[in-house]
Amino acid sequence: MKLIRRIILATAFLSTCAIAQTGNVARTDKPWWNGAVFYEIYPRSFGDSNGDGVGDLNGITQHLDYLQRLGIDAIWITPMYPSPQVDFGYDISNYETVDPQYGTLADFDKLIGAAHQRHIKVLLDMVLNHTSDKHPWFIASAASRSNPKSDWYVWNDGADANASGITPFQKRYQHEGKVPPNNWESVFGGSAWQWVSARHQFYYHRFYIQQPDLNWRNPEVEKAMFASIRFWLDRGVDGFRLDAISTLFEDPKLHNDPELPGTNDQGDPNLRSQYSDNLPEVHDVMRRLRAVLQSYPGDRVLIGETYTPNVAELEKWYGGKEQNELQLPMDTQPGFGDGANFSANWFRQSLQMSQQVTGEPLIVFDNHDNTRSIDRFGDGAHNVARAKIIATLLLTTRASALTYYGAPIGMVTTTPTRKEDVRDPIGITGWPKQKGRDGERTPMQWTTGLQAGFSSAKKTWLPIASDYRTVNVQSELKDPESLLNWYHQLIALRKTEPALRDGTMQFLDNANNKVLTFRRNGPEPVIVAMNFTDFAQPLAANLASSHIRTLATTAPELQHATSIQGVSLPPYGVWVFKVDGAGDSAGAK
Ligand code: NOJ
């Protein structure tokens with residue numbers, strides 16, 4: 001099971017709720033991000049302009065026309081700053097320029113200019129929790145206990161190896177008679193504490209050893225990081241996705257995290273991150289950060305990597321009544337399920353929950369840390385049909401939407417089959433239980449040509465997936481039935497149908513576990529129905545009494561339907577239709 005997914009499953013469980021009508025009242029004067037479609041780009045894998053086998057910024061610029069044609073509103077580029085690339089960019093050694101393998105600052109300026117010309121906003125990834133161990137701040141901090149940066153990271157003397165209460169896990173990490181001060185674990189395996197002999201101390205790293213956690217209790221850290229944020233805001237970036245944001249602070253008393261039964265993929269005891277995650281202090285930083293963004297024109301936006309177990313926890317990230325923290329914390333509940341969850345009831349329930357937040361929901365099914373949704377929700381026989389349902393959930397729900405490169409064409413997870421081919425370090429240390437995240441990071445499939453049109457290099461940093469001759473942009477653009485064309489249609493509808501953009505969301509036919517139906521209200525309501533089974537299914541009889549008009553459907557026979565009477569949804573069929581003259585409340589029971 002994938003790492004991040006394991007974390008979600010450990011904490012997440014949907015609670016039941018039965019509300020029929022949800023969502024904000026009609027929104028006017030919305031900022032650009034409200035209802036927007038965001039598209040995540042993993043720069044190593046999107047487009048390689050210089051033929052070295054690794055994607056780069058100019059490679060993104062070259063493909064902006066495609067993105068404009070797809071109709072997305074914004075791109076989020078995962079870290080492209082200088083980095084030793086241990087965690088492929090999430091270990092940053094300089095926050096204020098571009099890694100030479102991805103290009104230059106001038107290339108970045110060109111990219112942002114070209115994107116803005118096409119009305120595409122640009123978001124960067126901001127990693128506030130940790131830096132690379134090769135960042136000059138850490139190099140200085142690790143050199144001695146008495147340098148100006150000595151308190152910029154989380155240092156500790158450790159505990160006496162023979163002291164009472166030391167766990168067997170701690171004892172595995174003994175240096176000079178000392179062991180880590182508590183049982184905290186790195187998400188990527190092993191103790192979260194690493195010994196540095198120059199200081200005779202341990203430092204804390206929630207992620208890889210090469211990713212030391214910054215000490216956010218030191219005001220100088222915030223000052224420096226906010227300066228870097230301003231650096232990019234001044235260059236015109238439209239916002240940030242905040243990496244691992246819930247882990248900014250740790251319990252100052254360093255209490256042990258409670259142990260849970262069993263061990264994880266890396267063989268370490270399962271823990272509940274009670275004292276190393278989600279400390280309330282992070283919300284003060286979020287409010288101050290939001291104020292920085294608010295001081296710039298143009299509705300700059302903060303998206304959060306917020307894997308929360310329920311909407312009550314998610315709600316905290318919006319900032320309560322003041323709504324002064326993140327505009328778009330990610331709701332990962334509906335999107336990171338798997339085949340066992342592929343039912344109308346499960347999605348109805350989880351989407352009903354999504355609608356409960358006071359701010360704008362942001363839903364997401366795919367990213368660079370999880371098995372692609374086409375594989376997770378697929379059954380092997382109907383994966384593309386199921387992916388069209390996923391696209392519909394993503395793009396017709398009342399929510400902003402976040403997709404990931406490759407998802408709109410149905411790229412699959414291509415996990416290495418041999419340990420020696422793995423690039424993601426957790427796939428090496430965790431093999432064969434944990435094979436890492438390479439599978440969801442393979443190069444974008446543009447064409448049927450050499451290296452799928454991604455690169456002219458003989459060898460690309462990860463191999464091109466073997467299905468590229470059929471799963472690629474070039475072929476799918478030509479095929480009206482393709483997954484890509486389904487994305488095109490749905491994204492276009494978000495722009496032309498005010499109900500899809502602004503309307504409240506009302507779930508219909510609530511006891512039906514086979515067909516999920518909801519209505520987006522407005523002067524011209526839109527009804528969306530999806531058949532989650534591989535048998536034809538009837539629609540609820542009381543759905544709409546008036547004349548209807550198809551806006552989009554995966555079933556050609558429904559294209560010209562004018563009424564729902566006698567109509568059934570074919571296996572995995574999706575139907576998006578408009579009820580003519582239904583006004584604001586008719587037709588929905
Ligand atoms: C979350 C990122 O999405 C993931 O790729 C990374 O490894 C960790 N944060 C650490 O930065």
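Keep in mind the model is a prediction, meaning the values are calculated, not measured. Just so you know, ligand 1 is whichever comes first in the structure, and atom 1 is the first atom listed for that ligand.
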Find the distance between OH (Y208) and CG (D91) and round it off to the nearest 0.5 Å. 9.5 Å
For the residue pair F377 and F347, is the inter-centroid distance of their aromatic rings smaller than 6.0 Å? yes
Name the orientation class of the two ring planes belonging to H368 and W76 (parallel below 30°, tilted from 30 to 60°, perpendicular beyond 60°). perpendicular
Interfacing atoms of ligand 1 (cut-off 4.0 Å, heavy-atom, D87): 6 (C), 7 (O), 8 (C), 10 (C), 11 (O)
How are the rings of H175 and W195 set to each other: parallel, tilted or perpendicular (split at 30° and 60°)? parallel
Give a yes/no verdict on whether any heavy atom in F188 is under 4.0 Å from an atom of ligand 1. yes
Would K433 count as a cation-pi partner of W431, with NZ or CZ less than 6.0 Å from the six-membered ring centre and within 45° of the ring normal? no
Against heavy atoms of D369, which atoms of ligand 1 measure under 4.0 Å? 1 (C), 2 (C), 3 (O), 4 (C), 5 (O)
For H368, the ligand 1 atoms whose distance to one of its heavy atoms is below 4.0 Å: 2 (C), 3 (O), 4 (C), 5 (O)
Where ligand 1 meets R441 - atom numbers and elements under 4.0 angstrom, heavy-atom basis: 5 (O)
Per-atom filter on ligand 1: closer than 4.0 angstrom to a heavy atom of R437 are 4 (C), 5 (O), 6 (C), 7 (O)
With a 4.0 Å heavy-atom cut-off (strictly under), which part of E40 contacts ligand 1: side chain, backbone, both or neither? neither
For H130, the atoms of ligand 1 under 4.0 Å from one of its heavy atoms are 10 (C), 11 (O)
Will you find, in the side chains of N367 and N370, an N or O donor that is under 3.5 Å from an N or O acceptor? yes
